[in-house]
Amino acid sequence: YEPSFSPDGSEIAFVSGGDIWTVPAAGGEARLLVSHPATEGHPLFSPDGRSVVYASNSDGNNELYVVPAAGGTPRRLTRTPGDEDNPRWTPDGKRVVYQLGQGKQQIWRAPVALPAGR
């Protein structure tokens, strides 16, 4: 569930069994992109199609992570005591806008690139 098309329409990211998968839009074999004992969700391709942002409760509450669409090591984007959810890329792909909190919802944004010198 929670399917997301790549910008060029060639791939679909989706959730199955609490993990993130991708599959060619034309059909074919699905490829496991992110697997963790926690639950991942809300995958969304970046505007350039090179990354996928998603939410994971691997640290007890939902945080946002980004992973290369071709596979690789996920990188954590957020660190808050609240739940981050429903990530959306800005059109330039430099930030992710997301929903924070339960009850009274707030909208936040996080930079995707690492700060200079890190």
Partner residues of Ser6 under the side-chain hydrogen bond (donor to acceptor under 3.5 Å, both in side chains) criterion, sequence neighbours left out:
Asp8
For Asp19 and Ser35, the nearest pair of non-hydrogen atoms, with its separation, is OD1-CA, 3.4 Å
Under 4.0 Å between a Lys/Arg side-chain N and an Asp/Glu carboxylate O for Arg79 and Glu63?
no
With no hydrogens and no angle check, do the side chains of Asn86 and Gln99 hold a donor and an acceptor under 3.5 Å apart?
yes
What distance separates Asp85 CG from Leu100 CG, expressed to the nearest 0.5 Å?
10.0 Å
So, for Ser51 and Val66, which heavy atoms are closest and what is the spacing to 0.1 Å?
CB-CG2, 3.7 Å
Is it possible for you to say whether Trp21 and Ile12 belong to one hydrophobic cluster, with membership spreading through side-chain heavy-atom contacts below 4.5 Å?
yes
Shortest non-hydrogen pair, Gly9 vs Ala25, comes out as O-CB, 3.2 Å
With a 4.5 Å limit on heavy-atom distance, are the side chains of Val112 and Lys94 in contact?
no
Find the distance between CZ (Phe14) and CD (Glu11) and round it off to the nearest 0.5 Å.
11.0 Å
Check whether any side-chain heavy atom of Val96 sits under 4.5 Å from a side-chain heavy atom of Leu77, and report yes or no.
yes
Show every ring pair (Phe, Tyr, Trp, His ring centres under 6.0 Å) that has at least one partner inside residues 23-69, sequence neighbours left out.
Tyr54-Tyr65
Okay, side chain of Asn62, backbone of Ala55: is any donor-acceptor separation there less than 3.5 Å?
no
side-chain hydrogen bond (donor to acceptor under 3.5 Å, both in side chains) with Ser16: which residues, sequence neighbours excluded?
none
With sequence neighbours left out, the residues meeting side-chain hydrogen bond (donor to acceptor under 3.5 Å, both in side chains) with Asp92 are Thr90
Using residues 26-33 as the side-chain source, report each donor-acceptor pair under 3.5 Å to any protein atom, sequence neighbours left out, with the distance given to one decimal.
residue: Arg31; atom: NH1; partner: Ala70; partner atom: O; Å: 3.3
residue: Arg31; atom: NH2; partner: Thr22; partner atom: OG1; Å: 3.2
residue: Arg31; atom: NH2; partner: Ala69; partner atom: O; Å: 2.7

Could you go through Val15 and Ile20, starting from their C-alpha distance and side-chain angles, then the distance that decides it, and tell me whether this counts as side chain to side chain contact (heavy atoms under 4.5 Å, CB included)?
CA-CA 5 Å; Val15 176; Ile20 307 291; 3.9 Å; yes
Tell me the ring pair (Phe, Tyr, Trp, His ring centres under 6.0 Å) pairs involving residues 67-91, sequence neighbours left out?
none
Taking only residues two or more places apart in sequence, or in another chain, which ones meet Thr39 in a side chain to side chain contact (heavy atoms under 4.5 Å, CB included)?
Asn57
Any heavy-atom pair between the side chains of Pro81 and Asn61 that's under 4.5 Å?
no
So, for Pro7 and Pro47, which heavy atoms are closest and what is the spacing to 0.1 Å?
CG-O, 3.1 Å
What pairs of residues pass the salt bridge (charged side-chain N to carboxylate O under 4.0 Å, His left out) test when at least one of them lies in residues 42-53, not counting sequence neighbours?
Asp48-Arg50
Whether Arg88 side chain and Leu44 backbone form a donor-acceptor pair below 3.5 Å:
no
